[in-house]
Amino acid sequence: MKQIFTVLALLLLHCGAAEGKECRLTSPNGKIGVTVSDNRGLHISVTCGGNEVVNVTAGMNGQTLRIGSAKRSTVNIDTDAPLYRQPHIRLAGQQADLRLNDGWGLQVRACDEGVAYRFYTQNKGETVVSDELADFRFPEEAKGWLAYTTNTEKPFAMAFQNTYHETHLVDARPLPAFLPATVEVAGGVKVTILESDLRSYPGMFVTADGNGLKACFAKYPKRMDYYRWRGMSYVSETEDYIAKSTGRRTYPWRVLAITERDTDMPVNDMVYALAEPNRIGDTGWIKPGKVAWDWWNDWNLRGVNFEAGINTDTYLHYIDFADKYGLQYVVLDEGWYDSSRADLMNAIPAIDLPRIIGHASKKGIGIVLWTVFNVLDEHLEEACRKYADMGVMGFKVDFLDRNDQTAVEMAERIAAVAASHRLMLDYHGFYTPTGLSRTYPNVVNYEGVFGMEECRWAKKETDMPRYDVTFPFMRMMAGQVDFTPGAMRNGTRENWVECYQNPVSMGTRCHQAACYVVHDSPFTMLCDAPSNYEREPDYTKFIAAIPVVWDETRVLQGEMGKYIVSARRKGHNWYVGGQTGWDKREVTLPLSFLGDGQYEVTLLADGINANHNAEDYTLTTTQHKAADRMTIKMASGGGFVLKCRQLP
C-alpha cells in the first residue's frame, strides 16, 4: 500500500487586522469547497455546489487560535483494504496544513466525498486538553437523525445502541447523541458527522443546540470501580479534563461526509481511508466467515439426546451443524467461564474446552471465545498466549460501554497484543468504529448497532424494520456492523411478540436473509438455533453460501429510512439484497450491473402470504442477462436476495 503526499506550493495568506486570515480549498471535482478563517475564532465553512451546508467553529482548550502560516498539498490515499467492502480504496483531495499559535496546528482536507479536519500539537512536553470546541451550525430548517444516549444519568456510559430520532434540529432533545449524526439541508444534501483515527483520545458526542450540534466528550477517568457481575469496570470518578498526552501528536479527524444522493452514503470510505495504516503487517492469517452462534437462540435445541445448554455436548452439536452447512466458526458466548468471578483463565466444569477445540479443528471450524473488555485486558498477554496455543481463533470482546481516552487506549492495546498472537477480535458493547480495522485488521467486526439482540427485549412499538433501512446509510459509513442476523422465527407488524427465550425478529424471513448482502460484515452470525435451520435446509444452504467479503459493492437504489437495494460482486457472480421498512414496496431492478453473457438468477423473495405470515418465502431460479429488468415485490417489513451466477 502507498500514501503519497505531494507538496505543490506555499499558500500565502493575506489579511487585514479586522478581517483575519483565511485559507480556501476545493475538492478534486470542484463541487465541495472549504474556507478556514480566524476572524473572532477559528471557522471552517463547507459548501456544496456553492451553497454553505455547514459552518464549524473549532478550537482547543478555549484558546483564541489564529492562523500563522499555511502549506497546501495534494493527498492521494491508495491502499489495500482487507476484509473491507472492497479490497482496495482510493481517496484524493486537497490539504492545507495551518500553523496556529501556541504550538497548535490544523490540517484540513477537501475530498469529493466530504471534508475532514484535525488538530495537532507540536508541544514536546505534556499536553492536557480541557475541552475541544466543535460547534456545527447548519442552515435554517435543517433536519437531523440522532441516536441519543440511553443513559440520561451518566450519558457517556452506555452500549452505543439506539434507534435514530428523525427531527428538525430545533426540536431535537437536549441529550448527547453518539456518532454518526446526519443532518439534511436544503436541496437534500446530507452532512454526516463521523470521526476517524481515534487514538488515545475520547470519542465525540454531539448535543443539539438550536439549529446546530455541539460536540461533547467524556472526561478522563480518575477512578475505576467494578460491577459485581461479570467483573466489568466502570468510571466512578473523573478528572476535569478530557485528554492528556506527552509530546507531539495529531488528534482525531473530524469527518463531514457530504452526499447528494442517499445511495452514496453506505459506500463512503472517508473513515477507513483517514485512519492510520496497517500496523500488524501480514493479514493473510485473518479469515472471514459465518458463525454458528449460541446466545441469541438461548441454546434452544430440539430432537437431541442430551440436555442443551452451556456444556460440551451442545457445542459439539453446534460444530457439527457448522460443518454440515459450510460455516467457518462457532462462538462460545457468555457462560463458558464463570462471569461472576471474572475467571477468564478457566472454563466452567461443564465445558471441556480442549475437546471442543479438537473436534472443531478436525472439521476445519474455528472457535471464538466471549469475554469482557477489562477482564481480557487484565490478563491480556497470559490469556492471548494460552488460548492461541490451545487453537482458539479469537475473542468476542464485550461490555466496554464507554469511549473515554482510557477505553480507547484499551481497545487498541487489546488489538495489538491479540494480533501478535494471530487472534481475531469481534468488538461488542463498543463505540461506533473510527477506522481501527484499517490500523488493526484483526478487529474484524463491531457492534455499536441496534442489532438483532434487541428483539429479545424490545417492545412492540419499536420500529426495527425502519431502523434496518436507516443504519446502513449512516452507521456503515463508519465501518463493519455485527448485527447478528438470521432469525428463523419472524413476525409481522401485527403479530410480532416479545419473547426472550425463543425470540422473534421484526419483519419477514427474506428481510433477515437480505442482511447478509446489505451489511458490511466479514464475521457474521447465523443467530438462530441449529434445530430451526435444520427444518429448512434449502433456505439454510442458500444463506450459508452468501459470501462475507466482496470484490465490489454498489448501492443500486434506496432512500434512508424507507428502503435499500445493495449489489455486491464476488468474482464473476453478483448478489443483490433488498430491504424495506413496514411499508410494502415494489422495485424494478435493471440488471445492467451484470457482465456479458447469461446468468442463472436465483431469487429468494417474500411469499404471497408474507404480509400475514412473515416466514413465508419463495425460492425460484430463472435465466437473465444484463439487458433485462426484474420487478420484485417486498412485503411489509420484507426483503429479497438475488444470486446471479454467470453461466459458462
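- Not counting sequence neighbours, Thr439 has no partner by the side-chain hydrogen bond (donor to acceptor under 3.5 Å, both in side chains) test.
- Side-chain atoms of Ser27 and Asn29 include a donor-acceptor pair closer than 3.5 Å.
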*asked:* Go through it in stages, so that I can follow the logic: the residues are Phe156 and Phe217, the test is ring pair (Phe, Tyr, Trp, His ring centres under 6.0 Å), and I'd like the CA-CA distance, side-chain angles, deciding distance and then a yes or no.
replied: CA-CA 8 Å; Phe156 302 113; Phe217 302 86; 8.5 Å; no
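- A salt bridge links Asp197 to Arg118: one of the charged nitrogens lies within less than 4.0 Å of a carboxylate oxygen.
- For Asp343 (side chain) and Ser339 (main-chain N/O), no donor-acceptor pair under 3.5 Å exists by modelled atom type.
- A cation-pi arrangement, defined by a distance under 6.0 Å to the six-membered ring centre and an angle within 45 degrees of its axis, is absent between Lys244 and Tyr201.
- Salt bridge Arg385/Glu382: absent, no basic N to carboxylate O contact under 4.0 Å.
- Using modelled atom types, one side-chain atom of Asn374 and one backbone atom of Ser233 make a donor-acceptor pair closer than 3.5 Å.
- No donor-acceptor pair under 3.5 Å is formed between the side chain of Asp269 and the backbone N or O of Tyr272.
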Name every donor-acceptor pair, under 3.5 Å, that has one atom in a side chain of residues 388-399 and the other anywhere in the protein, sequence neighbours excluded.
unit_1	atom_1	unit_2	atom_2	d
Lys396	NZ	Asp333	OD2	2.7
Asp398	OD1	Gly429	N	3.4
Asp398	OD2	Trp370	NE1	3.0

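- Between Trp336 and Tyr387, the ring planes are perpendicular. Angles over 60° get that label, and only those under 30° would be called parallel.
- Centroid-to-centroid, the aromatic rings of Tyr431 and Phe178 stay 6.0 Å apart or farther.
- Salt bridge annotation for Lys71-Asp97: absent, with no cationic side-chain nitrogen under 4.0 angstrom from a carboxylate oxygen.
- Ring-centre distance between Phe523 and Tyr329: below the 6.0 Å cut-off.
- For the pair Gln122 (side chain) and Tyr120 (backbone), a donor-acceptor distance under 3.5 Å is absent.
- Ion pairing between a basic and an acidic side chain is recognised when a charged N comes within 4.0 Å of a carboxylate O; Arg230 and Asp338 show no such pairing.
- Centroid-to-centroid, the aromatic rings of Tyr427 and Phe373 come within less than 6.0 Å.
- Using cut-offs of 30° and 60° on the angle between ring planes, the pair Phe119 and Tyr117 is perpendicular.
- Ring-centre distance between Trp550 and Tyr84: not below the 6.0 Å cut-off.
- Interatomic distance, Tyr227 OH to Met232 CE, rounded to the nearest 0.5 Å: 6.0 Å.
- Formation of a donor-acceptor pair under 3.5 Å by the Arg475 side chain with backbone atoms of Gln480 is found in this model.
- Remark: the backbone N or O of Met270 is not paired with any side-chain donor or acceptor of Glu113 at under 3.5 angstrom.
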*Please walk me through it: do Trp293 and Tyr318 pass ring pair (Phe, Tyr, Trp, His ring centres under 6.0 Å)?*
CA-CA 8 Å; Trp293 187 36; Tyr318 275 78; over 10 Å; no
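- In this structure, Arg254 pairs ionically with Glu132, as a charged nitrogen and a carboxylate oxygen lie closer than 4.0 Å.
- A salt bridge between Arg568 and Glu552 is absent, with no side-chain N of the basic residue lying under 4.0 Å from a carboxylate O of the acidic one.
- Under a 3.5 Å cut-off, the side chain of Tyr516 and the backbone N or O of Thr524 do not form any donor-acceptor pair.
- For an aromatic pair to be called close, the ring centres must be under 6.0 Å apart, and Phe483 with Phe471 satisfies this.
- Proximity of Val331 to Met525: side-chain heavy atoms (C-beta onward) are separated by under 4.5 Å at one or more points.
- With Thr434 contributing its side chain and Ser196 its backbone, the two residues share no donor-acceptor pair below 3.5 Å.
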